[in-house]
Participant: 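Structure provided below as structure tokens; questions to follow.
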There are 2 protein chains.
Amino acid sequence: MDVKTLCLGVLSMGDASGYEIKKVFEDSFSHFYVAGFGSIYPALAELTRLGHVTCSNIEQEKRPAKKVYHLTDAGLQAFRQTLSGTHPHHRVRSDFMVLVVFAHLLPPQRVEQILATRLEDIERQLKLIDHCVSENGQSAPGTAFAAGFARTVLLAGRDYIEAQRGELLKALREKS
Amino acid sequence: MDVKTLCLGVLSMGDASGYEIKKVFEDSFSHFYVAGFGSIYPALAELTRLGHVTCSNIEQEKRPAKKVYHLTDAGLQAFRQTLSGTHPHHRVRSDFMVLVVFAHLLPPQRVEQILATRLEDIERQLKLIDHCVSENGQSAPGTAFAAGFARTVLLAGRDYIEAQRGELLKALREKS
DNA sequence: TCGATAATATATCAATTCGATATATATCTT
DNA sequence: AAGATATATATCGAATTGATATATTATCGA
């Protein structure tokens with residue numbers, strides 16, 4: 001599923017500028033989809049060209065002007081079509097796990113730091129999910145399911161690290 | 001962490017051809033790092049140019065010839081350096097979760113199919129981990145930790161889906 | 001033994017994505 | 001007045017993805 005499709009998804013919840021779409025990605029989608037301006041702006045240009053969205057320049061007082069995008073009927077149809085034909089892939093790219101796999105090449109102190117940093121990141125993400133859930137009162141059923149899923153998976157990872165970190169460090173110190 | 005670095009990591013476990021490196025990615029790293037030939041072969045060419053690996057053409061009987069790569073001292077040093085300076089990012093790109101978030105735009109039957117497919121994929125990945133653990137008898141401590149981590153997280157996700165699928169489908173049917 | 005399929009092996013390429021950077025306006029703080 | 005932060009759009013080189021091309025050998029059923 002490409003950034004174009006995700007932009008259609010965000011716009012199905014209401015009109016937005018590229019900047020606002022980026023904020024939705026950061027605030028609500030960051031646990032399962034990361035995208036930056038470098039992919040969002042070209043995606044919106046292409047969607048406009050395809051007629052899947054329309055674009056209007058909005059002058060603002062006290063802020064720079066913005067381009068607000070609106071989902072067309074053709075855009076919604078294309079979005080539904082993509083959702084219907086997409087396999088539910090779920091892929092992880094984890095530098096954390098790479099670092100752990102090669103932990104025997106690092107000083108134990110650095111491994112401790114890696115685990116601690118990962119735990120901090122998990123806490124930060126948990127807070128973000130909770131904040132996001134409490135803010136969006138009446139959201140779609142899938143949103144609540146997804147938030148719960150992300151939460152559960154993060155908690156399981158946190159508990160595993162906390163339970164096994166001692167064992168890992170012991171094994172690493174024994175080998176060296 | 002880029003594909004070049006991961007190739008150095010694989011080669012730190014022993015000499016290998018591009019094809020064999022790909023198999024290691026698939027068999028052992030697939031839960032946290034996916035890479036195809038399109039990134040592996042260019043990475044090996046660049047690493048050779050940098051002097052981080054050496055390459056020798058090996059003729060084989062009963063098989064096509066292969067290029068076997070060997071990690072140099074400079075390569076190992078560069079690998080350690082990268083491991084020392086890399087933040088333990090852990091990112092998920094999940095079409096599954098996107099589909100769930102927009103489940104209200106799909107027929108409930110399709111949502112059921114998505115959840116079932118995801119559960120099948122999880123089972124397949126769990127089997128791969130178990131197979132991988134049983135095959136590599138005496139592996140590095142980090143490898144065991146990483147396998148346990150991946151296993152725990154997958155199990156938590158599976159249990160969540162099984163526990164909450166009924167609720168999600170009920171909510172979706174009520175709205176429509 | 002013929003033909004199909006699968007496994008081994010390398011390589012390339014267009015399309016997409018990533019990450020950094022550039023530019024500009026307005027607000028808020030010190 | 002200076003400096004930091006938030007809003008806002010855009011571009012670009014580098015890296016990655018996913019598909020495709022090519023070739024050899026093995027395997028297995030008809």
Side-chain angles (χ1 to χ4, degrees), chain A residues 1-8 10 15-27 29-30 32-50 53 55-69 82 85-87 89 91-95 98, chain B residues 1-8 10 15-27 29-30 32-50 53 55-69 82 85-87 89 91-95 98:
Chain A
M1 202 134 40
D2 57 19
V3 176
K4 284 204 295 286
T5 302
L6 266 286
C7 287
L8 293 178
V10 173
D15 294 356
S17 66
Y19 188 79
E20 287 159 350
I21 289 171
K22 172 87 188 309
K23 278 200 294 190
V24 173
F25 273 87
E26 274 173 354
D27 297 343
F29 291 1
S30 61
F32 55 90
Y33 207 98
V34 174
F37 291 128
S39 47
I40 291 171
Y41 283 120
L44 289 170
E46 175 68 5
L47 288 170
T48 306
R49 202 186 63 76
L50 290 169
V53 303
C55 173
S56 34
N57 288 295
I58 307 288
E59 297 294 328
Q60 297 182 107
E61 280 173 36
K62 312 195 171 186
R63 280 189 191 172
K66 63 180 176 179
K67 292 183 178 178
V68 171
Y69 294 89
T82 303
T86 298
H87 183 94
H89 287 291
R91 84 156 52 160
V92 174
R93 156 128 336 168
S94 178
D95 288 358
V98 175
Chain B
M1 204 137 37
D2 58 18
V3 175
K4 286 205 294 285
T5 303
L6 266 287
C7 287
L8 293 178
V10 173
D15 294 356
S17 66
Y19 188 79
E20 286 159 351
I21 289 171
K22 172 84 188 311
K23 279 200 292 189
V24 173
F25 273 86
E26 274 173 354
D27 297 344
F29 291 1
S30 62
F32 56 90
Y33 206 100
V34 173
F37 291 128
S39 48
I40 292 171
Y41 283 121
L44 289 170
E46 175 68 6
L47 288 170
T48 305
R49 201 187 64 75
L50 290 169
V53 304
C55 173
S56 34
N57 288 295
I58 306 289
E59 297 293 328
Q60 299 182 106
E61 280 174 37
K62 311 195 170 186
R63 281 190 193 172
K66 64 179 175 180
K67 293 182 177 178
V68 171
Y69 293 89
T82 303
T86 298
H87 183 94
H89 287 292
R91 86 157 49 159
V92 175
R93 156 121 345 161
S94 179
D95 288 358
V98 175

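Reckoned from all heavy atoms, side chains included, excluding hydrogens, waters and symmetry mates. Remember, it's a predicted structure, so these values are computed and weren't measured experimentally. Throughout, protein chains are lettered first and strands after them, A, B, ... in sequence-line order, and every chain is numbered starting at 1.
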Participant: Return whichever of B/G18 or A/A35 has its heavy-atom-nearest nucleotide of DNA chain C closer to the 5' end.
Facilitator: B/G18

Participant: Considering just the side-chain nitrogens and oxygens of B/S17, establish if one lies under 4.0 Å of OP1 or OP2 belonging to C/dT8.
Facilitator: no

Participant: Apply the side chain to side chain contact (heavy atoms under 4.5 Å, CB included) test between A/F29 and each candidate in A/V34, A/L6, A/I21; give the one that qualifies.
Facilitator: A/L6

Participant: Please report, rounded to the nearest Å, how far the P atom of C/dT17 is from the OH atom of A/Y41.
Facilitator: 17 Å

Participant: Using atom NZ of A/K22 as one end and atom P of C/dG19 as the other, report the distance to the nearest whole Å.
Facilitator: 11 Å

Participant: What nucleotide, of C/dA11, C/dT8, D/dT9, holds the atom closest to the side chain of A/F37?
Facilitator: D/dT9

Participant: If you look at every heavy atom in B/M1 and B/Y33, which pair is closest and at what distance?
Facilitator: O-OH, 2.9 Å

Participant: Looking at the side chain of B/K4, which of D/dT16, D/dT11, D/dA15 is the nearest nucleotide?
Facilitator: D/dA15

Participant: Whole-Å distance between D/dA10 C1' and A/N57 CG?
Facilitator: 14 Å

Participant: Write down the distance between CD (A/Q60) and C1' (D/dT9), rounded to a whole number of angstrom.
Facilitator: 12 Å

Participant: Taking the nucleotide of DNA chain C with the closest heavy atom to each, which residue, B/E20 or B/G38, is nearer the 5' end?
Facilitator: B/E20

Participant: Could you check which of D/dA23, D/dT9, D/dT16 has an atom nearest any side-chain atom of B/Y33?
Facilitator: D/dT16

Participant: Would you say D/dA6 has OP1 or OP2 under 4.0 Å from some side-chain N or O of A/K62?
Facilitator: no

Participant: Is A/E46 salt-bridged to A/R49, going by a charged N under 4.0 Å from an acidic O?
Facilitator: yes

Participant: Take atom NZ of B/K66 and atom P of C/dT10, then tell me their distance rounded to the nearest Å.
Facilitator: 8 Å

Participant: Run the numbers on A/L47 and A/Y69 for side chain to side chain contact (heavy atoms under 4.5 Å, CB included), then give the verdict.
Facilitator: CA-CA 10 Å; A/L47 288 170; A/Y69 294 89; over 6 Å; no

Participant: Output yes when at least one side-chain N/O atom of A/Y19 is less than 4.0 Å from OP1 or OP2 of D/dT9, else no.
Facilitator: no

Participant: Roughly, in whole Å, what's the span from CG in A/D27 to P in D/dA6?
Facilitator: 13 Å

Participant: Applying a 4.0 Å non-hydrogen cut-off, can you work out what B/A43 is touching in the nucleic acid: base, sugar-phosphate, or nothing?
Facilitator: nothing

Participant: Measure from the side-chain heavy atoms of B/S39 and tell me the nearest of C/dA11, D/dT16, D/dA15.
Facilitator: D/dT16

Participant: When the distance from NZ of A/K67 to C1' of D/dA10 is rounded to whole Å, what number comes out?
Facilitator: 9 Å

Participant: Rounded to the nearest angstrom, tell me the gap between atom CD in A/E26 and atom P in C/dG19.
Facilitator: 13 Å

Participant: Taking all non-hydrogen atoms of both residues, which atom of A/T82 and which atom of A/T86 are closest, and how far apart?
Facilitator: O-OG1, 2.5 Å

Participant: Does any non-hydrogen side-chain atom of A/C7 lie less than 4.5 Å from one of A/V3?
Facilitator: yes

Participant: If you compare every side-chain N and O of A/R91 against the phosphate oxygens of D/dG18 (OP1, OP2), does one of them come in below 4.0 Å?
Facilitator: yes

Participant: Any side-chain N or O of A/K23 under 4.0 Å from OP1/OP2 of D/dT7?
Facilitator: yes

Participant: B/R93 side chain N/O closer than 4.0 Å to the phosphate oxygens (OP1, OP2) of C/dC18?
Facilitator: yes

